[in-house]
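Worksheet for the structure shown next.
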Amino acid sequence: ALENAWAALDLCGPFRLGLDLADAMLPLVVDASEQARVHVVAMRASRACGLRDLEQQHVDAALTAARSAGHRVSEAHAQCFRVSLLADAGCAEEARTAAMQAVSAAEAAGDPALRCAALNTLGTFLMDHGGGDAARQHYEEALRVARAAGLAHWEGGILGNLGGLDMDM
């Protein structure tokens with residue numbers, strides 16, 4: 001229910017409400033898998049609110065809970081968010097590793113949309129850090145996944161990224 005509420009809030013806000021809902025739920029969930037899912041919503045809401053320190057706390061908590069529960073979906077989401085946090089902090093190699101771990105977790109989860117998100121995250125990281133050819137490979141793989149799964153919104157976004165890559169080269 002929380003994930004559905006966040007999906008609606010993420011469209012038009014108020015983003016802070018998503019964070020408040022997650023914060024209210026955290027003390028109520030004891031299962032590590034559910035904790036990971038709540039922290040994923042909280043990290044998304046934190047980012048939408050521009051609260052980077054709080055986002056980092058929820059990323060760390062989501063990763064810890066996801067790993068202890070073996071919840072690869074939450075692990076992949078948290079790793080995707082971790083990439084930009086690490087890159088912004090100047091930790092490029094750690095960010096690259098997090099992006100590759102996100103792809104691995106997404107593949108293990110078997111969710112095509114999540115796989116697109118992880119491949120897109122890796123491609124964007126590589127594009128931003130001088131790896132245009134490698135970025136193209138990951139974007140093209142994400143595009144194949146999106147088309148095979150009928151994920152038009154991902155297809156459009158990835159085509160836009162490929163177009164941006166072509167303009168930069």
Exercise for the section: Walk me through it: do R82 and Q101 pass the test side-chain contact (heavy atoms from CB on, under 4.5 Å)? Expected result: CA-CA 10 Å; R82 191 168 172 252; Q101 289 172 343; 4.1 Å; yes

Handout entry: Side-chain heavy-atom pair Q57, M43 within 4.5 angstrom cut-off
Key = no

Fill in the blank from the handout: Going by chain and number, the hydrophobic cluster around L11 (ILVMFWY, side chain to side chain under 4.5 Å) further includes none

Handout entry: Between S74 and H77: side-chain donor-acceptor atoms closer than 3.5 Å
Key = no

Exercise for the section: Kindly give the heavy-atom pair with the smallest separation between T121 and C80, and that separation in Å. Expected result: OG1-SG, 3.6 Å

Let me check something: any side-chain donor-acceptor pairs from residues 89-96 under 3.5 Å, sequence neighbours excluded? List them with distances.
none

Problem - Side-chain touch V41/R37, heavy atoms, less than 4.5 angstrom - result: no

Problem - Partners passing side chain to side chain donor-acceptor pair (under 3.5 Å) against R72 (at least two apart in sequence or in another chain) - result: E75

Practice task
Apply side chain to side chain donor-acceptor pair (under 3.5 Å) to D88 and list each qualifying residue two or more places apart in sequence or on a separate chain.
Solution key: R52

Practice task
Taking side chain to side chain donor-acceptor pair (under 3.5 Å) as the test, write out the residues that go with Q35, two or more places apart.
Solution key: none

Exercise for the section: Determine, for E141 against R144, whether the closest basic-nitrogen to carboxylate-oxygen distance falls under 4.0 angstrom. Expected result: no

Completion exercise
Residues joined to L114 in its hydrophobic cluster, side chain to side chain under 4.5 Å directly or through other members, sorted by chain and number, are V73

Exercise for the section: Could you tell me which residues satisfy ring pair (Phe, Tyr, Trp, His ring centres under 6.0 Å) with H58, sequence neighbours excluded, listed by chain and number? Expected result: H39

Practice task
Would you check if F15 and R47 make a side-chain contact, meaning some heavy-atom pair closer than 4.5 Å?
Solution key: no

Problem - Connected hydrophobic set around L86, excluding itself, where side chains approach under 4.5 Å - result: none

Completion exercise
Nearest heavy-atom approach of A36 to A66 is CB-N, 3.6 Å

Handout entry: Pairs satisfying side chain to side chain donor-acceptor pair (under 3.5 Å), at least one member in residues 17-33, at least two apart
Key = R16-D20

Problem - Single-linkage hydrophobic cluster, 4.5 Å side-chain cutoff, L85 and F125 together - result: no

Completion exercise
When every non-hydrogen atom of A76 is compared with those of A106, the smallest separation belongs to CB-N, 3.7 Å

Handout entry: Side-chain donor-acceptor pair present, Q137, D133, cut-off under 3.5 Å
Key = no

Problem - Partner residues of E107 under the salt bridge (Lys or Arg N to Asp or Glu O under 4.0 Å) criterion, sequence neighbours left out - result: R115

Handout entry: Heavy-atom check, side chain of L19 versus side chain of L51, under 4.5 Å
Key = yes

Table please: side-chain donor-acceptor pairs of residues 153-164 below 3.5 Å, with sequence neighbours left out.
unit_1 : atom_1 : unit_2 : atom_2 : d
E155   : OE2    : R147   : NE     : 2.9
E155   : OE2    : R147   : NH2    : 3.4
N161   : ND2    : N120   : OD1    : 2.5

Exercise for the section: Report yes or no: do L165 and L143 belong to one cluster of Ile/Leu/Val/Met/Phe/Trp/Tyr joined by side chain heavy-atom distances under 4.5 Å? Expected result: yes

Handout entry: D60 backbone acceptor or donor facing T64 side chain under 3.5 Å
Key = yes

Handout entry: Hphob cluster co-occupancy, V29 + L21, side-chain heavy atoms under 4.5 angstrom
Key = yes

Exercise for the section: Carefully, step by step, assess D166 and R136 under the rule salt bridge (charged side-chain N to carboxylate O under 4.0 Å, His left out). Expected result: CA-CA 9 Å; D166 287 341; R136 178 177 304 286; 2.4 Å; yes

Problem - Backbone N/O of F81 and side chain of S84: donor-acceptor pair under 3.5 Å - result: yes

Practice task
List the atom of A135, the atom of G123, and the distance in Å for their closest heavy-atom pair.
Solution key: CB-O, 3.3 Å

Problem - Gap between atom CD of Q79 and atom CG of L122 - 0.5 Å precision - result: 12.0 Å

Handout entry: Non-neighbouring partners of S46 that pass side chain to side chain donor-acceptor pair (under 3.5 Å), sequence neighbours left out
Key = none

Exercise for the section: Say whether, by atom type as modelled, one donor and one acceptor occur between the side chain of Y139 and the main chain of L119 under 3.5 angstrom. Expected result: no

